[in-house]
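Read the numbers this way: they start at 1 and go in the same order the structure lists the ligands and their atoms. Just so it is clear, the structure is predicted and the values come from calculations on it, not from any experiment. Computation of the quantities below employed the complete heavy-atom set of this structure, encompassing side-chain atoms and omitting hydrogens, waters and symmetry-equivalent molecules.
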Amino acid sequence: MAVTARSHAKINLGLAIGPPRADGFHSLVTVYQTLAAHDLVTVSATPAARTTIHLTSNDARVPTDERNTAWKMVALALDRLGLAAEVAIHIDKRLPVQGGLGAGSANAVAALLALEAELALPGNIANLATGWPAERMRLAAEVGSDVPLFLIGGTILGLDRGQSVFPMPDQPATCCLVATPAVGVSTPQAFRDWDALGNIENPADDAALTSAAGNDRLNQLSRLYAGACACSQAGFQPETSAVTDSSGVLPSGQSLAGPLVSALVRAGIGNDFERVVFAQHPFLAQIKRILQAAGTPEESIYASLSGSGSSLFGLYPGRKEAEAVRQRLSEAGVDAFLTHTLPRAAYWSEIFPPNAG
Ligand code: C5P
């Protein structure tokens, strides 16, 4: 019998980029947040003499061969577990294919979770290989820097190249409007453009872009975020104390985002990619201004580019404000969808939909 798993989107509440490393990656300090919006990934697996994978999708832009992250994850997992199976994966794509929302990375983890459930051999797959939870984290990091976060869910600190992930205090579900402009941004190119900034600017004027100073800046930000965590823990209101509507979102005007988001905003969280991506696509900076809605009754709690884009998001006190901003985006010809941030407990309790919906 096939198993379906929800494959949730993420946003980056903030993302600071360090200098390039010898392995071609960049050190990062980022805060990820999972969203309710999701794709659906269905896996069926039958033990066989050798592994074969067949991948389909409702979206022709999704690669259906070994370039697909879900394919890679399933192949690696079976290999590491010493199992062989005839596997069918179907990806019901509902999220933008390339947009800074981690959709492809999430597909990999959803496929792994569905595969594990499919192969629920007596006593659970964890018994097959000691240390499987740590091993699957390593496999996820092998598939991509943005993949391991989906093995944690909620609000997550990402260090190293983004794959070294740590759960942060859970935040109440908050209304989130995601703008999906029809602009493609290449992540490797955006990193190269960031590096180029360091070469053309006077390091004395912009010490953040030199190697040592870049690493110092990341360390400083890690401390700042840890401090924000500690502050938010001290004044944390448990999610259960709030009255939510059927979607789990606080009704308009009843709450702002959790204390962690407020503390991070006060700490000056931001996304370094905005500097290079907005310079190339000024329209995206304009979309951010619409999302911010500064000085209006719909003013966002926080708005930013997600990852290297081109998606941008705004967090709002309630649905009413987010709907009003969505209307303004629509008038500017920009597509957007309304969702909410997904706390860790909800992420895990909703991962296997009862009716694959
Ligand atoms: O890890 P992932 O495959 O998602 O990374 C895609 C590309 O993005 C890498 O090949 C690299 O060029 C760039 N990257 C980077 N530093 C990171 C993450 C990604 O330079 N921390």
Peer 1: Is there a path of hydrophobic side-chain contacts, each under 4.5 Å between heavy atoms of I/L/V/M/F/W/Y residues, joining Leu149 to Phe25?
Peer 2: no

Peer 1: Please report the C-alpha distance between Asp39 and Lys93 in whole Å, then the side-chain angles of each, then the deciding distance to 0.1 Å, and finally whether the salt bridge (charged side-chain N to carboxylate O under 4.0 Å, His left out) criterion is met.
Peer 2: CA-CA 5 Å; Asp39 293 332; Lys93 193 46 72 183; 2.5 Å; yes

Peer 1: Would you mind checking which non-hydrogen protein atom is closest to atom 12 (O) of ligand 1, with the distance to 0.1 Å?
Peer 2: Pro188 CB, 3.7 Å

Peer 1: Any side-chain heavy atom of Tyr32 sitting closer than 4.5 Å to one from Ile11?
Peer 2: no

Peer 1: Can you tell me which residue and heavy atom of the protein come closest to atom 1 (O) of ligand 1, and the distance to 0.1 Å?
Peer 2: Ser145 OG, 2.6 Å

Peer 1: Tell me which part of Phe191 gets within contact of ligand 1: side chain, backbone, both or neither, using heavy atoms under 4.0 Å.
Peer 2: side chain

Peer 1: Using distance alone, determine whether Arg161 and ligand 1 share an N or O pair under 3.5 Å.
Peer 2: yes

Peer 1: Under 4.0 Å from a heavy atom of Leu28: which atoms of ligand 1 are those, numbered in the order shown and with their elements?
Peer 2: 21 (N)

Peer 1: Under a heavy-atom criterion of less than 4.0 Å, does Gly162 contact ligand 1?
Peer 2: no

Peer 1: Closest non-hydrogen protein atom to atom 20 (O) of ligand 1, residue and atom name please, with distance?
Peer 2: His26 ND1, 2.7 Å

Peer 1: Answer with yes or no whether the side chains of Asn107 and Thr69 bring together a donor and an acceptor at under 3.5 Å.
Peer 2: no

Peer 1: Can you find a side-chain donor-acceptor pair between Asp216 and Gln220 that sits under 3.5 Å?
Peer 2: no

Peer 1: For Phe150 together with His8, are the ring centres under 6.0 Å from each other?
Peer 2: no

Peer 1: Can you say whether the rings of Phe191 and Phe273 are parallel (under 30°), tilted (30 to 60°) or perpendicular (over 60°)?
Peer 2: perpendicular

Peer 1: So which heavy atom in the protein is nearest atom 5 (O) of ligand 1, and how far is it from that ligand atom?
Peer 2: Phe25 CE2, 3.9 Å

Peer 1: Closer than 4.0 Å to some heavy atom of Gly24 - which atoms of ligand 1 meet that?
Peer 2: 20 (O)

Peer 1: Please list the nearest protein heavy atom to atom 3 (O) of ligand 1 with its residue and the distance rounded to 0.1 Å.
Peer 2: Gly144 CA, 4.3 Å

